[in-house]
Undergrad: 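Structure in structure tokens, see below.
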Amino acid sequence: RKKRLEKQLQQIDGTLTTIEFQREALENAQTNTEVLKNMGYAAKAMKAAHQHLDVENVDELMDDIQEQQQIADEISNAISQPVGFGQDYDEDDLMAELEELEQEELDEKLLEVPAAGATQLPSVPTTEPRKAKQQEEDEDDLATLQAWATAS
């Protein structure tokens, strides 16, 4: 009798396992049916929503938004820049600008040529320049040295 009950228990256990698998398969099938039904609703809703939209219109709208965002950024940057004192300057740029201004001033001075006769130039000497006293003494010493060297 024990073997018979064990065999019957195994059959019942197998039947329960089979029923459990069937229940899970039915639940999966029902879930899949609900998912597909909801996907169908979503597809219809998206189609209705996109019916009034055009890709070109969306592209134009996105371009307009981007352009307005750039304008807003430029305005924000302009507003946030400090005005007057305390403004940071690039020292290299300032030095370059100073050198440029100085060069322009120098060029203007060099290009200013006075009219003929406006400048007083020294007169040309008419007499032979006098030799300096030291130069005369040096020449006398040299002549004396040459005479001594030839006499020996």
Side-chain angles (χ1 to χ4, degrees), residues 1-126 128-135 137-139 141-142 145:
R1 177 176 167 147
K2 185 177 177 182
K3 283 187 178 185
R4 191 173 45 107
L5 289 176
E6 284 178 3
K7 187 176 180 184
Q8 194 177 15
L9 183 62
Q10 285 178 349
Q11 285 177 344
I12 292 172
D13 188 40
T15 304
L16 285 175
T17 303
T18 304
I19 291 173
E20 193 171 324
F21 283 136
Q22 287 292 321
R23 183 182 57 80
E24 287 176 7
L26 285 172
E27 285 177 358
N28 287 339
Q30 185 178 6
T31 301
N32 289 341
T33 303
E34 287 296 317
V35 167
L36 284 175
K37 189 184 341 176
N38 287 328
M39 288 176 77
Y41 292 145
K44 287 178 185 177
M46 288 177 69
K47 190 174 186 179
H50 292 148
Q51 184 176 10
H52 301 291
L53 295 177
D54 183 15
V55 175
E56 290 176 10
N57 291 341
V58 172
D59 285 340
E60 285 179 23
L61 180 63
M62 293 307 293
D63 289 342
D64 289 346
I65 289 172
Q66 184 177 14
E67 182 179 329
Q68 292 305 315
Q69 185 63 39
Q70 287 173 348
I71 291 171
D73 288 343
E74 289 174 10
I75 290 171
S76 176
N77 287 338
I79 290 173
S80 66
Q81 294 296 319
V83 178
F85 296 109
Q87 191 171 10
D88 292 333
Y89 293 104
D90 185 10
E91 192 169 325
D92 292 336
D93 289 345
L94 290 175
M95 290 305 292
E97 186 175 349
L98 177 63
E99 288 175 9
E100 186 179 317
L101 290 172
E102 288 174 345
Q103 185 62 43
E104 286 178 10
E105 184 180 340
L106 181 63
D107 290 345
E108 287 177 13
K109 285 182 180 178
L110 290 175
L111 292 175
E112 288 178 7
V113 178
T119 356
Q120 293 292 328
L121 296 176
S123 60
V124 177
T126 56
E128 195 68 29
R130 291 184 295 177
K131 291 185 181 179
K133 186 175 184 179
Q134 181 65 37
Q135 189 177 2
E137 288 176 6
D138 288 345
E139 287 177 1
D141 289 341
L142 184 59
L145 187 59

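We use all heavy atoms of the structure for the numbers below, so side chains are in, but hydrogens, waters and symmetry mates are not.
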Undergrad: With side-chain contact (heavy atoms from CB on, under 4.5 Å) as the criterion, how do Glu108 and Leu111 come out once you've worked through the C-alpha distance, each side chain's angles and the decisive distance to 0.1 Å?
TA: CA-CA 5 Å; Glu108 287 177 13; Leu111 292 175; 5.9 Å; no

Undergrad: What pairs with Asp107 under side-chain hydrogen bond (donor to acceptor under 3.5 Å, both in side chains), at least two apart in sequence or on another chain?
TA: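 side-chain hydrogen bond (donor to acceptor under 3.5 Å, both in side chains) list for Asp107, sorted by chain: Gln103.
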
Undergrad: Enter the distance from Leu106:CG to Lys109:NZ here, rounded to the nearest 0.5 Å.
TA: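 Spacing of CG (Leu106) from NZ (Lys109) equals 7.5 Å.
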
Undergrad: Could you list all the side-chain hydrogen bond (donor to acceptor under 3.5 Å, both in side chains) pairs where at least one residue sits in residues 20-31, not counting sequence neighbours?
TA: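 Residue pairs passing side-chain hydrogen bond (donor to acceptor under 3.5 Å, both in side chains), neighbours aside: Arg23-Glu27.
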
Undergrad: So do Asp59 and Met62 actually touch side chain to side chain, heavy atoms under 4.5 Å?
TA: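 Contact flag for Met62/Asp59 side chains = no.
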
Undergrad: Once salt bridge (Lys or Arg N to Asp or Glu O under 4.0 Å) is applied, what residue pairs with a partner in residues 29-57 remain, sequence neighbours excluded?
TA: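 Applying salt bridge (Lys or Arg N to Asp or Glu O under 4.0 Å) to every pair that reaches into residues 29-57, excluding sequence neighbours, yields Glu34-Lys37.
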
Undergrad: Side-chain polar contacts of residues 64-76 - donor-acceptor pairs under 3.5 angstrom, sequence neighbours left out - could you list them?
TA:
residue	atom	partner	partner atom	Å
Gln69	NE2	Asp73	OD1	3.4

Undergrad: Can I get a per-line list of side-chain donor-acceptor pairs under 3.5 Å for residues 1-17, giving both atom names and the distance, sequence neighbours left out?
TA:
residue	atom	partner	partner atom	Å
Thr15	OG1	Gln11	O	2.7
Thr17	OG1	Asp13	O	2.9

Undergrad: Strictly by salt bridge (Lys or Arg N to Asp or Glu O under 4.0 Å), give each pair with a member in residues 91-104 just once, sequence neighbours left out.
TA: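 Pairs touching residues 91-104 that pass the test: none.
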
